[in-house]
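Scroll down for the structure; my scribbles are underneath it.
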Amino acid sequence: YVPMPSPEVLLWVQIIGLALGAVPLYRLSRRRLNSNGVALAVAAAYLLFPAIGFISRFDFHPEALAVTAFLFAFEALDRGALVSTSVWLVVPLLSKENLGFSVAIFGLYAAVVYHRVRFGLIWALVGLVASTITMFWLIPTLREGPSDTLVRYGWLGATPGKMLQTLVTRPEYVWQQLAEPNRGLYLLQILLPTGFLALLALPELLLAVPGLAINLLAQHHCQPEIYCQYTVPIVPFIFIAAVVGLQRLKGLLTRKWSWTLIGLSIVPLTVVALAVDNPFTEEQELPAPLAKLPNAETVHRALATVPSGASVVTTNAYAPHLAQREGLFIIGIPAQRDPPTNPDIVFINLYDQRFMVCEQYREFVSDLDIERYGVVSVSYTH
């Protein structure tokens with residue numbers, strides 16, 4: 001990105017990075033199953049997996065590369081290359097604050113299943129400490145306020161300690177929150193494309209527990225869905241568990257054609273899942289007045305006039321177009337800290353009420369210094 005500072009560069013890195021996950025998955029499948037055909041089917045199913053497409057499509061998120069990193073790490077662990085495993089485990093730690101929990105359970109798995117006790121316990125400790133420090137000290141310190149992520153779990157308690165207490169002492173209350181159709185559909189969308197083979201490999205499936213718990217317990221519309229980036233700590237372990245599950249099925253079925261057929265069937269299953277949830281064609285449904293804004297051309301012309309060095313307050317609809325600047329502040333959804341009332345530019349479109357409504361626009365604009373700002377065009381304020 002440094003030599004080519006362009007949003008397109010980031011998107012290509014994300015796309016290629018996710019696609020490379022098929023490489024370690026193919027190697028693991030070929031070694032465990034001793035079948036090139038089934039290994040290719042597993043790799044193809046990964047590339048066709050709807051959640052992978054939605055991770056790639058939903059903006060750029062550094063943690064997307066953790067999918068491939070976890071796959072490479074597991075494949076390296078499986079062949080005893082502990083140095084390579086360690087190198088790959090660093091990637092998730094650097095990409096998202098909560099992925100240290102997935103690294104921690106990865107370490108425990110290595111200690112228990114592969115008997116790499118010292119190696120596994122070290123990584124379990126590193127992952128746990130990294131996420132704990134980042135979430136509960138580093139982010140609040142840098143924000144000069146509490147992490148907005150914890151708000152999504154406020155129904156469990158006001159503090160992390162009370163949240164944990166609720167999980168342990170009130171399981172029936174937690175179950176009432178989780179037992180809803182949308183969360184059941186979420187699990188179905190994750191498990192069905194691989195033919196539920198992951199359920200045959202419980203130790204490997206447990207690697208996905210931190211990601212599943214974080215998403216299922218969150219009161220946030222995107223997290224218990226496959227349509228955003230939140231499946232990152234789940235997808236690699238679903239496929240790893242599917243491979244190991246198929247290996248165990250191979251040991252139970254005496255005829256090679258039977259387990260081979262089951263292994264190959266995950267491709268048509270994934271194609272069906274892709275037909276239902278297709279990231280190439282599925283679009284966000286909006287009311288007709290919002291789907292096509294009447295002043296869209298004016299807005300695009302106005303975007304081109306914003307100076308590259310100016311600080312800007314805008315909504316989430318226009319922030320991507322005004323990125324690559326030091327001062328960029330979003331108002332409306334997603335909720336952030338209060339934006340400054342003295343930016344160089346305020347870019348708002350009153351016709352666009354996807355992320356803010358008229359009253360919210362009025363409330364923000366009324367806090368601005370009227371002597372400093374004035375309307376430049378019908379679409380934005382300077």
Side-chain angles (χ1 to χ4, degrees), residues 51 63 66 92-93 96-109 111-113 120-121 123-141 143 145-192 196 198-238 241 333-337:
E63 65 265 32
L93 292 180
K96 183 76 172 181
E97 67 271 14
N98 65 296
L99 292 185
F101 296 127
S102 296
V103 170
I105 200 168
F106 189 103
L108 290 176
Y109 174 88
V112 174
V113 177
L121 292 181
W123 274 108
L125 181 63
V126 168
L128 186 61
V129 169
S131 276
T132 302
I133 290 177
T134 305
M135 292 178 66
F136 302 117
W137 175 77
L138 182 60
I139 290 178
T141 300
R143 285 174 57 91
S147 171
D148 59 347
T149 302
L150 292 180
V151 175
R152 304 177 184 186
Y153 308 92
W155 64 277
L156 289 168
T159 64
K162 291 182 178 179
M163 293 176 189
L164 183 60
Q165 182 180 358
T166 301
L167 288 171
V168 174
T169 62
R170 301 181 63 190
E172 72 289 343
Y173 170 67
V174 175
W175 174 250
Q176 288 175 1
Q177 302 295 319
L178 297 181
E180 63 174 28
N182 285 345
R183 282 168 169 76
L185 175 63
Y186 177 60
L187 295 176
L188 189 65
Q189 290 172 314
I190 290 172
L191 292 170
L192 179 60
F196 297 100
L199 298 178
L200 299 177
L202 186 58
E204 290 71 26
L205 187 57
L206 288 176
L207 292 168
V209 165
L212 283 169
I214 288 170
N215 290 346
L216 292 173
L217 293 172
Q219 285 190 334
H220 186 273
H221 70 282
C222 269
Q223 280 191 243
E225 293 183 350
I226 66 167
Y227 308 115
C228 302
Q229 83 281 9
Y230 295 104
T231 55
V232 162
I234 301 171
V235 169
F237 304 121
I238 293 296
I333 302 173
Q336 292 190 336
R337 292 172 295 171

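- Side-chain atoms of Thr231 do not come within 3.5 Å of backbone N or O of Ile234 as any donor-acceptor pair.
- The CD1 atom of Ile214 lies 10.5 Å from the CG atom of Leu216; values are rounded to the nearest 0.5 Å.
- For Ile105 against Ser102, the heavy-atom pair with the smallest separation is CG2-O, 3.3 Å.
- Side chains of Leu93 and Trp123 form a contact here, defined as non-hydrogen atoms less than 4.5 Å apart.
- In this structure Gln229 satisfies the side-chain contact (heavy atoms from CB on, under 4.5 Å) test together with Phe58, His61, Glu63, sequence neighbours excluded.
- Expressed to the nearest 0.5 Å, how far CG of Leu207 lies from CG of Leu108 amounts to 9.5 Å.
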Leu217 vs Val174, test: side chain to side chain contact (heavy atoms under 4.5 Å, CB included). Steps then yes/no.
CA-CA 8 Å; Leu217 293 172; Val174 175; 3.9 Å; yes
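- In plain terms, the two heavy atoms of Ala201 and Ala241 that are nearest each other are CB-O, 3.3 Å.
- Shown here are the side-chain contact (heavy atoms from CB on, under 4.5 Å) partners of Leu191, two or more places apart in sequence or in another chain: Phe196, Ala198, Leu199, Ile238.
- Identified under the ring pair (Phe, Tyr, Trp, His ring centres under 6.0 Å) test for residues 198-219, with sequence neighbours left out: none.
- Every residue was checked against the side-chain hydrogen bond (donor to acceptor under 3.5 Å, both in side chains) condition with Glu97, not counting sequence neighbours, and none meets it.
- For residues 169-189, the pairs satisfying ring pair (Phe, Tyr, Trp, His ring centres under 6.0 Å) are Trp155-Tyr173, with sequence neighbours left out.
- One distance of note links CD of Gln165 with OG1 of Thr159; it measures 8.5 Å at 0.5 Å rounding.
- Pairs engaging residues 165-180 under the salt bridge (Lys or Arg N to Asp or Glu O under 4.0 Å) rule: Glu180-Arg183 [sequence neighbours left out].
- Thr134 and Pro140 get closest at one heavy-atom pair: O-CD, 4.1 Å.
- Sorted by first and then second residue, the pairs that involve residues 203-224 and meet salt bridge (Lys or Arg N to Asp or Glu O under 4.0 Å), not counting sequence neighbours, are Glu204-Arg248.
- Partners of Leu202 under the side-chain contact (heavy atoms from CB on, under 4.5 Å) rule, at least two apart in sequence or in another chain, are Leu206.
- With sequence neighbours excluded, no residue forms a ring pair (Phe, Tyr, Trp, His ring centres under 6.0 Å) with Phe106.
- In this structure Gln223 satisfies the side-chain hydrogen bond (donor to acceptor under 3.5 Å, both in side chains) test together with Arg152, Tyr153, Asn215, sequence neighbours excluded.
- For Thr132, the side-chain contact (heavy atoms from CB on, under 4.5 Å) partners are Phe101, Leu128, Phe136, not counting sequence neighbours.
- Annotation for Ala66 and Leu99: closest pair CB-CD1, 3.6 Å, computed over non-hydrogen atoms.
- Between Met135 and Ile139 the shortest heavy-atom distance is O-CB, 4.4 Å.
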